[in-house]
A.B. asks: 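I am attaching a structure below and will ask some questions about it afterwards.
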There are 2 protein chains.
Amino acid sequence: MKGKPNSLDIAHLAGVSQATVSRALRGHASVNRATRERILQVARQLNYTVDKNASNLRTQQSGTLALLLFEDPTIDESNINPFFLSMLGSITRACAQRGYDLLISFQQLSRDWHADYEDCHKADGLILLGYGDYLDYRSRLEALVAQGTHFVRWGAVLADQPGLSIGGDNHAGGLAATRHLLAQGRRRIGFLGHASLHAPEFLERHQGYAAALREAGLTPDPLLQADAISTEGAGYEAASLVLERGARCDALFAASDLIAIGAMRALFARGLRVPEDVAVVGYDDIPMAQSTHPPLTTVQQDTRHAGELLVDTLLRMVREEDVQSIKLPPRLMVRQSCGAAQQPARTPATVTPLPAGARRARRQARS
Amino acid sequence: MKGKPNSLDIAHLAGVSQATVSRALRGHASVNRATRERILQVARQLNYTVDKNASNLRTQQSGTLALLLFEDPTIDESNINPFFLSMLGSITRACAQRGYDLLISFQQLSRDWHADYEDCHKADGLILLGYGDYLDYRSRLEALVAQGTHFVRWGAVLADQPGLSIGGDNHAGGLAATRHLLAQGRRRIGFLGHASLHAPEFLERHQGYAAALREAGLTPDPLLQADAISTEGAGYEAASLVLERGARCDALFAASDLIAIGAMRALFARGLRVPEDVAVVGYDDIPMAQSTHPPLTTVQQDTRHAGELLVDTLLRMVREEDVQSIKLPPRLMVRQSCGAAQQPARTPATVTPLPAGARRARRQARS
DNA sequence: CTGAAAGCGCTTACAG
DNA sequence: CTGAAAGCGCTTACAG
C-alpha cells in the first residue's frame, strides 16, 4: 500500500463500490449490516480516515468553528487577559464535545473576518471574544451581519447591537458588588474603569454601581471615578488618580479583576490597608483573584456555561435555527478584600430576545 | 451573482481561463502583468476568496497546524495551567505571523492523534503541549514517530526521546534558583515536586537543585522533598507534608509557580513568614507570580521565543528540512519571596542535536 | 504567456 | 440495498 489509503482502496478490499464505502462510513441506515461491518473492519485495518478536505469540499461545510480573539493593543503581548483565556478554555472544550474543531486566531480590527474564515470555508461560523473600542468594533459587526456571516460574540447584550451576543448581566453584577460594599458600611465608594459607550460592559457595571448608590440615598461622586482599560497598569494609574484628588474614599469597585489588582498595588504603595482603609471589589473572578493578598472579592462570570452557550448558539445559527442573545447571571464571590465574610449571593438568569427580524435580515443579506 | 463566486466566475468576467485565474491569484510569475491586475481587480470586486477545501484537496496540504494540549486529569476543568496558556498565546501568534492557521484541542492520551489530525489532512503537523505521566506519554510519541507524523513537543530535551522537543534548560534553572537561595545564606533548602522519570522536567530541575547543594558541600535531605504535580493544591499538600515532618527548613524551591503559590499558602497557614522564616522560589514565571504576596522569585521560561521555535521547527519538519531539539536558557527573576533583591542572572543557550538518523527514520516510516 | 484537461477524494441524487 | 456517475472548486503538468 502506497501512502494514505482512500475510499476506493477500502472498496476494492471490501468488494463493494466506493459509494457504499462512503455510505457505510457515514452510518447511512440503508447499508446492509454485514456489508457495513466488513467495510468498517477493512477501514480499521488500513487505518483509514476520511479526507477532511475532500469531504468538506463536497458537503460545503467545515466542521470547524473559528475563535477570533481581539486584544487591547495596549496590553503586553505575552499577557492575554486571563478572563479571555478561561473563556478560550471552555469554548475549546465545548467544541470538542460537540465534534467540532476550533481554529483560533488573534485579530486586529482591520481584517475582513468573513473572507478570512467563513467565506473561504475554513469555518462554519465565528466566535468573537474581546475588542478594543466598542464603537470601532460595532461597524465591523455590521459588516458581518451584512455579509450573512454566522457569528456570536461574548459581550454586553445591547438593545440595538448588530447580530447577537452572550454576555454577563453587568448591571446586576455592579449592583450586587456595590450593595455588598454598602452593607459593609462603606459610603465613599469609587468606580475604576471606563464608563462610556466605548466599553459597554464597563458602562453597564457602572450603571449597576450608580443604581445601588442611589438606592442607599447616595450619589456617585465624579471625584471617585477614574477611567481604566482592563490591565493592572491602568488599574494602578486609575486608583492613584483617585487618591491624589484627595477626596475621602473607603471602597473601590473595579470594573475588572486586573484593574482591582493594580488598584490594590497603588493602595499598598501609599501605605493604605485593604480592606481596613479601603475595601476593594473586582469583576470576573480570574484565577489570580484567589491568590492576591488579601484574596479579592469579585463578581464571578461563569465562563464554562458561557463557552457552552456561545458554541451552542453559533451551531444553531449555522443550522438556521432560532437563536437569541442571552444574559448570564453573575455571582458575587465574597473573599477578604471587601472586609466581610458571607455567603455568595445569586441573581436570576435573564434572557433577552433577538431584535425582531434580525435573523430574517441576515438570511436575506446572504441571498 | 448567486452565492459565493468561484474562480470560473472570475475567469468569465476577466475574459481569461479559469487556470489563469488560479495562477494570477497564486502569484505565478508567468502571468502577464496586465492580465494579473485585471484578474485581481475582478476578484476584489466580487469579494472572491479561494475555497480552502478545494485548494487543500488539490495540493494535499492544509496550511494548518494543530495544537494538542494535554491536561493533568486532576486539574480543575476551568483552570488550565497558566504557563500553558501563555505558551498557547505565543504559539497562536507565531502561527498567524507565518500565515498558518491553528487548530486547538484538549486531548486525552487515548486518542489516535495521527488519524485525528494529520492523516485526515486537517493539519500539516502537531504541536504537543503538556502531558500527565511521561512514561505513558512516551509510548504515544513512539506511535507518532512510527506513523511518520510531523510533530514537536514542548518538554524536557531527553537523550533517548521519540521525536524531538523544544524545552527549557531545566537543570540550569534548578541550579540558578538553588544557588541564589544559597547565596542568601539559606542552607536547609527543600524541593517541592515530583522528581522521577514520570516528570522529566521536574526531575531535571531537581538534579540542578541537587547539584547546587553539592557545590556548596551540602546533601539534599529527603525529609525536605515532597512530590507534587503542578497545582496549587498539590503545592499546599507538599509543603504541609515537609513542615509536618519537623525537619528544619529555611527555604523551598518549588518545581513550578503553582506549587510555590500553594506552598506559600501552607506557610502562611502555619504562621510562617515568607521570606523571613522560609524563602520560596518557583518556576515558570506565570503572570500570577508578580501579584503574590510577597511577589514570587521564580525561574522564567521565555514562552514567546519557545512558541516561535516550536512553530518554526514544525514548519521545517513539514518541509522536510533538517531539525533538532533545542534547549532554551532560563532566567532567574528575583523578586521578594527569596529574601533578596538583585539583577536577574542569565545562562547561555544550548542546542542539542537530534539523535542521528531520526529524521531519516521518520521519512522511511512514512513510505 | 495562456488554455484545455485531468484529478485531488469524497458525497449524493438517480437508477435499478 | 447497491452501483455508476456527476460534481464540489481548485492546481498543475502538458501543449501550444
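Every chain is numbered from 1 and lettered A, B, ... according to where its sequence line falls, protein lines coming before strand lines. Everything numeric here is computed off the predicted structure, so don't read it as measured data.
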A.B. asks: Would you say that B:L128 contacts B:L69 through its side chain, given a criterion of any heavy-atom pair below 4.5 Å between the two side chains?
C.D. replies: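 No, side chains not in contact.
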A.B. asks: Which listed nucleotide (C:dC10, D:dC1, D:dT12) is nearest to the side chain of B:H28?
C.D. replies: D:dT12
A.B. asks: Once you round it to whole Å, what is the distance between P of D:dG9 and CG of A:N56?
C.D. replies: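 After rounding, the gap between these two atoms is 13 Å.
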A.B. asks: Just call it for A:R26: base, sugar-phosphate, or nothing, with non-hydrogen atoms closer than 4.0 Å on any strand.
C.D. replies: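 Contact class for A:R26: sugar-phosphate only.
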A.B. asks: Write down the distance between CD (A:Q18) and P (D:dA6), rounded to a whole number of angstrom.
C.D. replies: 14 Å
A.B. asks: So what does A:S55 touch, heavy atoms closer than 4.0 Å: a base, only the sugar-phosphate, or nothing?
C.D. replies: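 Contact class for A:S55: sugar-phosphate only.
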A.B. asks: Start with the C-alpha distance between B:W113 and B:L68, add both sets of side-chain angles, then the distance that settles side-chain contact (heavy atoms from CB on, under 4.5 Å), and finish with yes or no.
C.D. replies: CA-CA 9 Å; B:W113 313 322; B:L68 309 194; 3.7 Å; yes
A.B. asks: Kindly write out the residues that satisfy side chain to side chain contact (heavy atoms under 4.5 Å, CB included) with B:E37, not counting sequence neighbours, or none if the list is empty.
C.D. replies: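 Here no residue qualifies.
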A.B. asks: Please say which of A:D101, A:N56, A:N53, A:D124 ends up in a side chain to side chain donor-acceptor pair (under 3.5 Å) with A:S62.
C.D. replies: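 Testing each of A:D101, A:N56, A:N53, A:D124 against A:S62, the sole residue satisfying side chain to side chain donor-acceptor pair (under 3.5 Å) is A:D124.
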A.B. asks: For the side chain of A:N32, counting heavy atoms from C-beta on, which of D:dC1, D:dT12, D:dG3 is nearest?
C.D. replies: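 Of all the options, the side chain of A:N32 is nearest to D:dC1.
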A.B. asks: Any side-chain N or O of A:Y48 below 4.0 angstrom from OP1/OP2 of C:dC10?
C.D. replies: yes
A.B. asks: For the side chain of B:V31, counting heavy atoms from C-beta on, which of C:dT2, D:dT11, C:dT12 is nearest?
C.D. replies: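 It is C:dT2.
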A.B. asks: For B:S22, which contact category applies under a 4.0 Å heavy-atom criterion: base, sugar-phosphate, or nothing?
C.D. replies: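 Base contact.
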A.B. asks: Do any side-chain nitrogens or oxygens of A:S17 fall under 4.0 Å of OP1 or OP2 in D:dA4?
C.D. replies: no
A.B. asks: Specify the residue among B:A19 and B:D51 whose closest nucleotide of DNA chain D lies further upstream toward the 5′ end.
C.D. replies: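 The residue closer to the strand's 5' end, by nearest nucleotide, is B:D51.
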A.B. asks: Taking CG from A:N53 and P from D:dT11, how many angstroms apart are they, rounded to a whole number?
C.D. replies: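 Going from CG in A:N53 over to P in D:dT11 covers 12 Å.
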A.B. asks: Got a salt bridge between B:R98 and B:D312, using NZ or NE/NH1/NH2 to carboxylate O under 4.0 Å?
C.D. replies: yes
A.B. asks: Separation of B:Q61 atom CD from D:dT11 atom C1', in whole Å?
C.D. replies: 12 Å
A.B. asks: So, are A:R138 and A:D160 salt-bridged, with charged N and O less than 4.0 Å apart?
C.D. replies: yes
A.B. asks: Tell me the interatomic distance from A:R58, atom CZ, to D:dC8, atom C1', rounded to whole angstroms.
C.D. replies: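 Computing the A:R58:CZ to D:dC8:C1' distance gives 6 Å.
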A.B. asks: Give the dot-bracket string for DNA chain C, reading 5' to 3', where a pair is Watson-Crick or G-U wobble with both distances under 3.5 Å, ( ) marks pairs inside the strand, [ ] marks pairs crossing earlier ones, | marks a partner on another strand, and . marks unpaired.
C.D. replies: |||.||||||||.|||
A.B. asks: What distance separates B:L67 CG from B:Y117 OH, expressed to the nearest 0.5 Å?
C.D. replies: 9.5 Å
A.B. asks: A:S7 has a side chain; which of C:dC10, D:dT11, D:dG3 sits nearest to it?
C.D. replies: C:dC10
A.B. asks: Quick one: which of C:dG9, D:dG3, C:dT11 gets closest to the side chain of B:Q60?
C.D. replies: C:dG9
A.B. asks: Any chance you could lay out the side chain to side chain donor-acceptor pair (under 3.5 Å) test for B:T303 and B:S86, step after step, and finish with the verdict?
C.D. replies: CA-CA 7 Å; B:T303 53; B:S86 116; 3.2 Å; yes
A.B. asks: Rounded to whole Å, please give me the gap between CG in A:L8 and P in C:dT11.
C.D. replies: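 Nearest whole value for this atom pair: 13 Å.
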A.B. asks: Nearest to the B:R23 side chain among C:dA6, D:dC14, D:dG3, which nucleotide is it?
C.D. replies: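 When the side chain of B:R23 is considered, D:dC14 is the closest of C:dA6, D:dC14, D:dG3.
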A.B. asks: When the nearest nucleotide of DNA chain C is assigned to B:T35 and to B:T59 on a heavy-atom basis, which residue is associated with the more 5' position?
C.D. replies: B:T35
A.B. asks: With a non-hydrogen cut-off below 4.0 angstrom, is B:S30 in contact with a base, only sugar-phosphate, or nothing?
C.D. replies: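 Since a base atom lies under 4.0 Å of B:S30, the category is base.
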